[in-house]
Amino acid sequence: MLIADGLTGTGSNWAQANYMSGDYSDPTMSFWADSPSKVTGLAFNHVAVGAWDIADGVNGSVNSTITAGEVQNYNFKADITSKSVIQDKSKLSVVALLIDRSSGSIVNATQVAIQDYNPSAIHTVNTSHASENARYTIDGRQISAPQRGLNIVRMNDGSIRKVVVK
């Protein structure tokens with residue numbers, strides 16, 4: 001699902017229905033109690049502006065067996081050219097839903113901001129050929145050769161690597 005933040009507009013289509021107008025039973029809702037039954041001039045956040053296969057999910061998007069801690073990847077390209085309500089692409093997010101098809105319930109979800117695809121975003125490529133400067137055990141003792149287990153390796157470029165030796 002694609003959601004947008006910061007949507008604004010004028011006219012009756014942009015008025016928020018306010019069923020709390022005049023209802024002072026909850027003091028934390030005084031803004032709404034003091035406002036008319038239709039509120040205008042608001043910025044709307046978390047507005048669904050696009051959804052694909054939301055009712056049934058996407059075949060093949062996750063493995064049929066899900067294991068805790070196991071990463072699964074799925075790529076999807078959405079054409080949003082017809083989504084005229086989108087006002088600022090920098091305020092778009094994707095919400096991925098994990099749907100239990102047997103019950104139709106959402107069992108997990110996550111939201112992430114999206115950015116324009118920019119294949120030239122790579123500015124530099126590290127071409128250094130750093131070599132090992134020193135090697136240490138996990139308890140900080142310097143060793144002269146690789147030792148079975150976790151080795152901490154300090155490189156001549158100042159970087160540090162954790163290396164597992166079997």
Side-chain angles (χ1 to χ4, degrees), residues 1-126 128 138-140 150 152 157-164:
M1 175 170 31
L2 185 65
I3 63 172
D5 290 334
L7 297 180
T8 60
T10 58
S12 61
N13 288 342
W14 290 93
Q16 171 68 49
N18 177 20
Y19 297 104
M20 296 206 59
S21 181
D23 180 355
Y24 293 94
S25 61
D26 184 348
T28 63
M29 302 298 282
S30 61
F31 169 82
W32 297 106
D34 293 338
S35 297
S37 61
K38 296 280 185 180
V39 181
T40 58
L42 298 175
F44 295 92
N45 294 320
H46 309 295
V47 177
V49 294
W52 296 267
D53 300 310
I54 195 84
D56 299 317
V58 178
N59 284 329
S61 59
V62 293
N63 297 335
S64 59
T65 302
I66 298 174
T67 306
E70 179 183 287
V71 174
Q72 294 191 32
N73 294 310
Y74 178 74
N75 293 313
F76 178 77
K77 185 177 180 181
D79 180 2
I80 61 171
T81 54
S82 66
K83 308 295 182 191
S84 61
V85 73
I86 296 172
Q87 297 172 351
D88 183 349
K89 289 181 183 175
S90 71
K91 294 182 180 180
L92 292 175
S93 295
V94 170
V95 175
L97 306 172
L98 182 60
I99 301 170
D100 180 342
R101 286 183 161 178
S102 62
S103 66
S105 23
I106 298 170
V107 294
N108 205 344
T110 190
Q111 176 182 344
V112 64
I114 59 173
Q115 300 172 348
D116 284 337
Y117 173 68
N118 183 359
S120 64
I122 299 172
H123 298 292
T124 61
V125 176
N126 184 0
S128 72
I138 191 70
D139 61 357
L150 183 64
I152 310 297
D157 66 354
S159 64
I160 296 174
R161 298 180 184 170
K162 297 175 194 162
V163 178
V164 176

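Here the structure is a predicted model, which means the values were calculated and not measured.
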CG/N75: more than 12 non-hydrogen atoms of other groups inside 6.0 Å
no
For D88, which residues count as a salt bridge (charged side-chain N to carboxylate O under 4.0 Å, His left out) partner, sequence neighbours excluded?
none
Enumerate donor-acceptor pairs with a distance under 3.5 Å from any side-chain N or O in residues 22-29 to protein atoms, sequence neighbours excluded.
from	atom 1	to	atom 2	distance (Å)
D23	OD1	S25	N	3.0
D23	OD1	S25	OG	2.7
Y24	OH	A33	O	3.4
Y24	OH	D34	OD1	2.7
D26	OD1	T28	N	3.0
D26	OD1	T28	OG1	2.6
D26	OD2	T28	OG1	3.3

With sequence neighbours excluded, give me every ring-ring contact (aromatic ring centres under 6.0 Å, His included) pair touching residues 4-23.
none
Keeping N18 on the side-chain end and P36 on the backbone end, is there a donor-acceptor pair under 3.5 Å?
yes
Sequence neighbours left out, what pairs pass side-chain hydrogen bond (donor to acceptor under 3.5 Å, both in side chains) with at least one residue falling in residues 78-87?
D79-T81
Counterpart residues, side chain to side chain contact (heavy atoms under 4.5 Å, CB included), relative to T110 (two or more places apart)
A96
Got a second to check how far I138's CD1 is from L150's CG, nearest 0.5 Å?
4.0 Å
Could you list the residues that satisfy side chain to side chain donor-acceptor pair (under 3.5 Å) with S12, not counting sequence neighbours?
none
Identify all side-chain donor-acceptor contacts of residues 37-52 below 3.5 Å with residues at least two apart in sequence or on another chain.
from	atom 1	to	atom 2	distance (Å)
N45	OD1	G6	N	2.7

I want to check something: taking the side chain as every heavy atom from C-beta on, are Q111 and I3 in contact at a cut-off of under 4.5 Å?
yes
For L98, check side chain to side chain contact (heavy atoms under 4.5 Å, CB included) against everything at least two apart and list the hits.
V62, I66, V107, N108
Apply side chain to side chain contact (heavy atoms under 4.5 Å, CB included) to I80 and L2, showing your working.
CA-CA 9 Å; I80 61 171; L2 185 65; 3.5 Å; yes
Set of residues satisfying side chain to side chain contact (heavy atoms under 4.5 Å, CB included) with respect to K77, sequence neighbours excluded
none
Distance-minimising heavy-atom pair for L97 and A109:
CD2-CB, 3.7 Å
Rounded to the nearest 0.5 angstrom, the OG-CG distance for S93 and D5 is 6.0 Å
Applying side chain to side chain donor-acceptor pair (under 3.5 Å) to S21 and not counting sequence neighbours gives none
Quick one: side chain to side chain contact (heavy atoms under 4.5 Å, CB included) partners of N59, sequence neighbours excluded?
R101
Under the side chain to side chain donor-acceptor pair (under 3.5 Å) test, which residues partner T8, sequence neighbours left out?
none
